[in-house]
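Let me begin by presenting the structure, written as structure tokens, before commenting on it.
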Amino acid sequence: MRKIVVALSVLMALTSCVSKKEYAALEAKNKEIQDLLNSCTVKLNSCLEEKAGLAATAESYKQHNQDLISTSKDLTVLTTKGAENLEKSLESLKEKDLKISRLQDALTKKDSVTLALVTSLKGAVGINDPDIEINVEKGVVFISIADKLLFKSGSYDVSDKAKSVLAKVAKVVNDKPDFECMVEGHTDDVPYKSNGVLLDNWDLSVKRSTSIVRVLSGELGVNPAKLIAAGRSSYVPLVANDSPENKARNRRTRIVVMPKIDQFYDMIEKEMKKQAK
């Protein structure tokens with residue numbers, strides 16, 4: 001029995017370490033893509049303004065050429081200079097339209113994927129349970145599940161009731177091979193009393209996260225390569241830990257479901273490089 005406890009402690013420590021690094025890397029990457037998306041939006045607005053200016057210029061050239069035709073009976077074709085200017089304006093307008101279309105496609109695709117994911121999750125999990133929340137923040141879908149649905153107080157053993165909820169989440173994730181899933185454990189600020197295996201709330205939050213990950217991969221068929229375990233202890237509360245009700249809200253597990261950011265990052269990066277030429 002002593003050997004098993006020691007082995008679990010070592011495994012838990014390794015998992016916690018890896019989870020924090022993976023989580024930090026994922027947060028940094030998510031911020032990077034959000035910043036890039038913001039830059040794209042600014043660029044898109046600039047292109048739309050430039051497009052409007054080019055359209056006005058093209059219209060001006062068209063009107064100018066029409067005036068020449070009307071006032072000069074012997075003039076049957078556009079002047080060489082007018083024709084060249086008109087052609088250049090139309091060509092430039094066409095290029096801007098293409099760039100705008102590409103940027104809009106990239107942003108629309110990301111928004112469409114996120115919306116489809118939220119719809120699938122709400123349809124599978126349901127939206128009437130007050131202990132389950134599904135929302136979107138910065139293009140990422142979050143499923144927040146109260147700990148009373150998942151664990152007993154101070155425990156990291158997943159309840160049978162929780163497995164039915166996790167099975168619905170697993171189905172949605174399994175149906176979308178290009179998605180990743182990060183499981184975050186959160187506690188309140190009541191210090192955890194060490195039992196020799198878990199030392200504090202950090203350990204408890206990570207252990208609960210890895211317990212969920214093991215259920216998703218071991219029992220519900222989610223590809224382990226798509227899963228990330230992370231523990232946040234009591235440091236990211238939803239509300240102040242100043243009442244039993246608020247402490248209960250802060251004790252939660254948050255499942256973050258997102259498309260693999262690389263595919264959208266590459267798409268937008270390629271378009272930005274084209275515009276820089």
Provide the closest heavy-atom pair for [X] versus [Y] in the form atom of the first, atom of the second, distance.
X	Y	value
Pro224	Ser217	CG-CB, 4.0 Å
Gly231	Ser205	CA-OG, 3.4 Å
Asn201	Pro191	ND2-CA, 4.1 Å
Asn246	Ala240	CB-O, 3.0 Å
Arg252	Ser144	CD-OG, 3.6 Å
Leu149	Ala162	O-CB, 3.1 Å

Would Leu150 and Arg208 count as a side chain to side chain contact (heavy atoms under 4.5 Å, CB included) here? Give the steps.
CA-CA 9 Å; Leu150 302 175; Arg208 285 181 168 178; over 6 Å; no
Could you tell me whether the side chain of Val215 reaches within less than 4.5 Å of the side chain of Ile212, counting heavy atoms only?
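Heavy-atom side-chain distance check fails, nothing below 4.5 Å.
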What's the separation between atom [atom1] in [X] and atom [atom2] in [Y], rounded to the nearest 0.5 Å?
X	Y	atom1	atom2	answer
Lys207	Ser155	NZ	OG	10.5 Å
Glu184	Ile228	CD	CD1	10.0 Å
Gln34	Glu32	CD	CD	12.0 Å

Could you see if Tyr235 belongs to whatever hydrophobic cluster contains Leu238? Use Ile, Leu, Val, Met, Phe, Trp, Tyr and a side-chain cutoff under 4.5 Å.
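Different clusters.
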Hydrophobic clustering (ILVMFWY, side-chain heavy atoms < 4.5 Å, transitive) - are Val197 and Tyr192 grouped together?
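Both belong to a single hydrophobic cluster.
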Sidechain-backbone polar pair: Ser60 side chain, Ala56 backbone, donor-acceptor under 3.5 Å
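It does not hold such a pair.
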Result of checking Asp147, Asp188, Asp189 against Arg251 for salt bridge (charged side-chain N to carboxylate O under 4.0 Å, His left out)
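The option that passes is Asp188.
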Step by step, work out the side chain to side chain contact (heavy atoms under 4.5 Å, CB included) result for Leu166 and Ile255.
CA-CA 10 Å; Leu166 295 175; Ile255 301 176; 3.9 Å; yes
Does a sphere of radius 6.0 Å around NZ in Lys163 hold more than 12 heavy atoms from other residues, nucleotides or ligands, not counting ones at 6.0 Å or beyond?
yes
